[in-house]
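Please read all numbers here as calculations on a predicted model, not as lab measurements. Throughout, a chain's letter reflects where its sequence line sits, starting with A, and its residues are numbered from 1.
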Amino acid sequence: MLSKAEIEQFCEALHEVHPDPKCELIWHTPWELIMAIILSAQSTDKNVNRVTPELFKGVPTPKKAVELGEDGVRPFVKSVNYFNNKTRSIVALAQKLLDEYNGEMPTDFDTLVTLPGIGRKTASVFLNVAYHKPYIGVDTHVFRLAHRLKLCTGKTPAEVQEKLEKIIPEKYKTGFALALVLLGRYICQARKPKCGECPLYTICQADEKEKK
DNA sequence: CTCCCGATAT
DNA sequence: ATATCAGGAG
């Protein structure tokens with residue numbers, strides 16, 4: 001496991017590589033963002049961005065989602081995996097927003113995770129991306145890199161999130177998850193990580209590394 | 001724990 | 001053919 005000083009060094013190096021990391025999902029409103037994040041479960045951002053232009057046009061508000069119902073919304077997300085679950089989540093979420101939240105997305109974590117289709121990761125990403133709040137959502141990339149790079153251990157994403165939010169210095173916390181996802185997506189991939197192209201190679205503590 | 005379940009890379 | 005992609009619900 002990395003020492004406190006090594007964590008600091010890692011954060012600084014990651015920050016230099018991605019000074020202002022941005023979410024690659026396309027969105028314009030909180031409603032659009034939450035739909036995009038729901039669709040992004042076990043899917044590439046690229047695949048999500050392919051369907052969202054039509055989705056945003058056809059389902060621009062929670063009100064419209066409820067009017068269309070599941071059968072009306074499903075065609076817009078048909079080419080994304082788990083489309084039945086995701087369609088159900090979008091319509092149920094819209095209904096609850098209309099019933100209890102004046103048709104608008106709440107902005108606190110504890111409320112968000114009570115909503116249909118929204119768990120810890122989705123809530124964290126929503127608050128981090130939309131409002132730059134210091135949440136570290138633990139998706140497949142963050143979970144993998146946290147262990148591979150020896151940032152911390154943890155059997156569940158919730159455990160890893162709790163530890164990361166404790167050990168990552170405040171200064172780096174807001175950009176951390178996004179930067180780590182970008183590193184994991186394009187360099188430190190699950191299969192065949194591109195160590196030869198990695199800007200963090202010299203400080204990387206992974207057990208197995210390609211030679212550079 | 002299982003189920004959901006399309007597109008893409010290897 | 002199999003692994004992987006910003007997971008959540010039951």
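As judged by a 4.0 angstrom heavy-atom cut-off over every strand, A:Ser43 is placed among the base-contacting residues. Using a 4.0 Å heavy-atom distance criterion, A:Leu115 is classed as a sugar-phosphate-only contact. Among the atoms of the strands shown, only primed sugar atoms or phosphate atoms (P, OP1, OP2) are found under 4.0 Å from some heavy atom of A:Ile118. Within 4.0 Å of A:Ser89, counting heavy atoms only, lies no atom of the nucleic acid at all. Using a 4.0 Å heavy-atom distance criterion, A:Asn85 is classed as a base contact. A:Val125 comes within 4.0 angstrom of a nucleotide base, judged by non-hydrogen atoms across all strands.
Relative to the ring axis of A:Tyr101, A:Lys96 does not place its NZ or CZ within 45° and under 6.0 Å from the centre.
Applying the 4.0 Å criterion to OP1 and OP2 of B:dC5, one finds that A:Asn84 has a side-chain N or O inside that range. Close to C:dG7, at under 4.0 Å from its OP1 or OP2, lies no side-chain N or O of A:Thr122. Residue A:Arg50 places at least one side-chain N or O under 4.0 Å from the OP1 or OP2 atom of B:dT8. OP1 and OP2 of C:dC5 both lie 4.0 Å or more from every side-chain N or O belonging to A:Arg191.
Taking atom P in both B:dC4 and C:dA1, one finds a spacing of 22 Å when rounded to whole Å. Remark: the separation of the P atoms in B:dA7 and C:dG8 is 22 Å, to the nearest Å.
Rounded to whole angstrom, the span from the CZ atom of A:Arg185 across to the P atom of B:dA9 amounts to 15 Å.
Taking 4.0 Å as the cut-off between side-chain N and carboxylate O, A:Glu8 and A:Lys4 do not count as a salt-bridged pair. Using a cut-off of 4.0 Å between Lys/Arg side-chain N and Asp/Glu carboxylate O, A:Arg74 and A:Glu70 are scored as salt-bridged.
When each of B:dG6, C:dC5, C:dG7 is scored by its nearest atom to the side-chain atoms of A:Thr44, the top-ranked nucleotide is C:dC5. Considering only side-chain atoms of A:Lys192, the nucleotide from B:dG6, C:dG7, B:dT10 that sits closest is B:dT10.
Counted within 6.0 Å of NZ on A:Lys209, heavy atoms from surrounding residues, nucleotides or ligands total more than 12; the atom is thus considered enclosed.
Separating the CG atom in A:Leu97 from the CE atom in A:Met105 is a distance of 6.0 Å, to the nearest 0.5 Å.
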Item to complete: Evaluate salt bridge (charged side-chain N to carboxylate O under 4.0 Å, His left out) for A:Glu6 paired with A:Lys150, printing each intermediate quantity in order.
Response: CA-CA 10 Å; A:Glu6 287 170 327; A:Lys150 302 188 189 306; over 6 Å; no

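Residues from residues 148-174 of chain A placing a heavy atom under 4.0 Å of any atom in DNA chain C do not occur.
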